[in-house]
Number of protein chains: 2
Amino acid sequence: MSRGSTAGEPAPANRNVTLRDVARFAGVSVATASKALNGQPQVRAETRARVIQAAEQLSFSPNTIAQSLITQRTGTVGLLTSDLEGRFSIPILMGAEDAFGSDQTSVFLCDARDDAIREKHHLRALLSRRVDGLIVVGARPDTRTSLGRELPVPVVYAYAPSDDPRDLSLVTDNVGGGRMAVDHLLRCGRRRIAHITGDPDYGAAQDRARGALERLAEEGLEPAGGEVWFGMWSEAWGRGATRMLLERCTDVDAIFAGSDEIARGVLDVLHEERIDVPSRVAVIGFDNWKVLAANARPPLTTIDLNLEQLGRIAAQRLSAAMEGNPGSGVETVPGRLVTRESTAPLR
Amino acid sequence: MSRGSTAGEPAPANRNVTLRDVARFAGVSVATASKALNGQPQVRAETRARVIQAAEQLSFSPNTIAQSLITQRTGTVGLLTSDLEGRFSIPILMGAEDAFGSDQTSVFLCDARDDAIREKHHLRALLSRRVDGLIVVGARPDTRTSLGRELPVPVVYAYAPSDDPRDLSLVTDNVGGGRMAVDHLLRCGRRRIAHITGDPDYGAAQDRARGALERLAEEGLEPAGGEVWFGMWSEAWGRGATRMLLERCTDVDAIFAGSDEIARGVLDVLHEERIDVPSRVAVIGFDNWKVLAANARPPLTTIDLNLEQLGRIAAQRLSAAMEGNPGSGVETVPGRLVTRESTAPLR
DNA sequence: TTGTATGCGTTATCAA
DNA sequence: TTGATAACGCATACAA
């Protein structure tokens with residue numbers, strides 16, 4: 001009764017049922033039962049069927065722990081993030097979790113809160129749990145110190161690259177994103193393009209600006225207003241910078257904002273000034289942070305860094321490394337343009 | 001050389017060192033080594049010291065897998081979320097991860113993508129990994145079907161309560177949050193209070209509205225505009241509803257928005273209409289979604305549902321259940337008021 | 001084709 | 001106070 005399950009409903013996995021029980025039930029030895037269930041060829045078809053049926057009837061679920069002890073592989077990986085709160089870690093984490101089909105590999109989640117001590121702590125815990133590999137997700141796209149080369153398992157760094165070129169790191173393509181944004185504005189026929197962006201201490205801000213300037217230079221252009229407007233990653237800065245920009249340079253016809261937050265500020269001021277978007281000024285953001293971009297007035301064209309994709313690739317690379325094919329160096333994952341209504345061809 | 005570590009740097013945990021090596025190195029038996037390291041009393045102080053030192057020198061890290069096999073406890077729990085993307089799961093997940101100090105308990109992360117099949121899949125995987133317990137995090141605060149009573153480990157439901165009252169569920173206090181919002185507006189001296197909120201199919205919308213209406217009724221008040229403005233969880237709806245409200249009811253002095261997104265729309269229109277916030281109309285949001293609330297003009301007073309706290313409590317309740325003290329029923333975690341500048345006393 | 005025996009790295013129960 | 005030895009649940013080399 002206590003183990004009973006009515007027909008149709010799959011019986012819940014019963015923890016106390018071991019391979020011994022299955023073997024006894026099927027009238028074979030433990031070894032044979034093991035072989036039968038693991039698809040080893042050296043077992044008669046009829047026997048295998050009997051064992052499998054026994055396993056099902058007892059709703060046997062092999063003890064992964066015991067298996068790991070023998071095979072020396074746990075089928076687990078550690079996901080060491082430094083900032084769960086940050087919106088960048090989450091998509092990466094989703095992609096990674098997704099790529100490890102749950103049957104094969106399970107993911108241990110650890111949040112180090114951007115604290116080195118805590119990270120060491122988590123690392124020890126993960127290693128003593130005998131994870132087969134590690135993904136280290138940074139909070140900012142700037143270089144971080146390597147966990148070292150002496151680790152007993154392969155490591156892949158995502159978002160924030162390791163400072164050791166022998167490690168394998170996956171990063172977003174901020175330079176390419178900047179180029180892509182400007183390129184799109186150029187295709188829309190814009191020539192007076194300004195770039196308002198965030199904190200210049202961020203590699204992301206520098207890289208996006210560099211990509212933008214490069215693409216402009218290819219057309220023999222300079223940014224409207226003469227320079228890149230560095231500031232902060234906030235709507236308020238987007239508003240302030242836009243006001244200054246409009247004063248200095250009345251004929252601007254496009255603004256590339258370094259983030260969707262900044263873009264919201266930009267749109268706000270343009271709206272206040274009764275400057276139509278996109279007919280008079282086109283606006284493009286960065287990040288594709290949906291709640292900001294999709295709800296903007298008008299909905300915001302922006303660059304998506306494909307973070308989920310980055311997470312998926314990180315998982316693939318880690319799997320490869322666990323199979324004995326480690327990589328190294330920095331691999332860049334391209335972003336993509338997401339067009340909404342804040343940009344359009346001139347006229 | 002290959003194992004070498006220069007003084008100062010902690011040697012990396014060496015996977016291949018087993019208790020046997022430590023014992024041999026210290027000149028004792030495996031059994032004694034085990035006792036010494038685990039703080040068992042029946043071992044001479046000097047011996048213990050020798051063993052500990054040996055363990056350190058070899059940078060021994062006990063194999064958790066082997067320990068689990070004996071103790072029948074893995075020190076792991078499964079975190080089964082139905083929607084990683086959703087912004088509600090993340091704080092809960094953070095709180096839970098935080099509450100299980102990483103040394104004691106590690107967390108397996110699984111995203112079922114709100115799909116029952118996938119959930120079953122993950123569940124099987126987690127059980128075969130012999131997790132000691134499960135936290136099930138829902139995507140919406142509406143009731144979900146129980147995983148059943150036949151599971152071999154305790155389960156705690158977070159955010160979305162189980163439909164089986166014998167399970168233990170933790171939920172946010174939407175009714176209380178609604179009361180709290182209106183109460184704050186009343187304290188600010190407002191009497192003509194409107195409520196604009198989201199999709200009426202969401203329990204969250206209904207509950208917040210109920211709390212608001214209850215509190216209003218206690219003062220003998222009705223909502224401004226005569227009724228609650230249900231609609232959608234979007235800025236656009238916030239804008240549209242506000243325009244309608246202002247037409248129907250010119251003397252409104254406060255608006256309670258059912259979400260921060262809606263509140264942003266409300267603020268937008270008030271700004272367009274040159275209606276000052278908060279001096280003429282106070283606005284309060286819901287969720288404390290920082291990027292929206294903190295960047296609003298003016299920064300938005302709102303209700304925080306304490307999701308991280310909810311996650312922490314979920315972890316605590318699960319720990320208790322794993323210790324043999326299971327709970328049941330639905331436990332409500334109160335929210336809190338976060339005051340910013342969009343509300344202030346009248347005059 | 002099947003079964004016996006051994007071991008994975010630990011903890012726990014005994015004797016010594 | 002210490003040390004053999006038997007588990008834990010399973011996989012595999014080897015013997016039958």
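Any value given below was found using the heavy atoms of this structure, including those in side chains, with hydrogens, waters and symmetry copies removed. Residue numbers begin at 1 in each chain, while the letters A, B, ... track the order of the sequences.
Summarising the geometry, the separation between CZ on F60(B) and P on dG9(C) is reported as 10 Å, rounded to the nearest angstrom. Atom CD of Q40(A) is separated from atom C1' of dA11(D) by 8 Å (rounded to the nearest Å). Look at CD1 on I65(A): it is 14 Å from P on dT11(C), rounded to the nearest Å. Rounded to whole Å, the distance from CZ on R24(A) to P on dG9(D) is 12 Å. To the nearest angstrom, P of dT10(C) lies 14 Å from CZ of R129(A).
Counting only residues at least two apart or on different chains, no salt bridge (Lys or Arg N to Asp or Glu O under 4.0 Å) pair has a member in residues 26-35 of chain A.
Listed for the R129(B) side chain is no donor-acceptor partner under 3.5 Å among the backbone atoms of R124(B). Y157(B) contributes a side-chain N or O that, together with a main-chain N or O of L147(B), makes up a donor-acceptor pair within less than 3.5 Å. When atom types are taken as modelled, the side chain of S34(B) and the backbone of V30(B) share no donor-acceptor pair closer than 3.5 angstrom.
Among the protein residues, Q42(A) comes within range of the nucleic acid bases, having at least one heavy atom under 4.0 Å from a base atom. Using a 4.0 Å heavy-atom cutoff across all strands shown, I70(A) reaches at least one base atom of the nucleic acid.
The side chain of Q67(A) contributes an N or O atom lying less than 4.0 Å from OP1 or OP2 of dA11(D). OP1 or OP2 of dC10(D) lies within a sub-4.0 Å distance of a side-chain N or O belonging to T18(A). Regarding contacts with the backbone of dG9(D), a side-chain N or O of Q72(B) is found under 4.0 angstrom from either OP1 or OP2.
Which of dT2(C), dG3(C), dC8(C) sits closest to the side chain of V43(A) comes down to dT2(C). When distances run from any side-chain atom of L69(B) to the nucleotides dG9(C), dT12(D), dC10(D), the shortest one goes to dG9(C).
Counted by atom type alone, T81(A) and D111(A) present zero donor-acceptor pairs between their side chains at under 3.5 Å. At a cut-off of 3.5 Å, with distance as the only test, a side-chain donor of T64(A) or S128(B) sits close to an acceptor on the other residue. Using a 3.5 Å distance cut-off with no hydrogens or angles, the side chains of S162(B) and S169(B) do not pair a donor with an acceptor.
Looking at residues 30-38 of chain A, you'll see A31(A), T32(A), K35(A) sit with a heavy atom under 4.0 Å from some atom of DNA chain C. For DNA chain C, the residues of residues 44-51 of chain A within the heavy-atom distance limit of 4.0 Å (strictly under) are R44(A), T47(A), sorted by number.
Mapped onto DNA chain D by nearest heavy atom, G27(B) and R20(A) fall at different nucleotides, with G27(B) at the one closer to the 5' end.
For CD of Q40(B), the number of neighbouring non-hydrogen atoms (other residues, nucleotides, ligands) closer than 6.0 Å is greater than 12. Other residues, nucleotides and ligands contribute over 12 non-hydrogen atoms within 6.0 Å of the CZ atom of R87(B).
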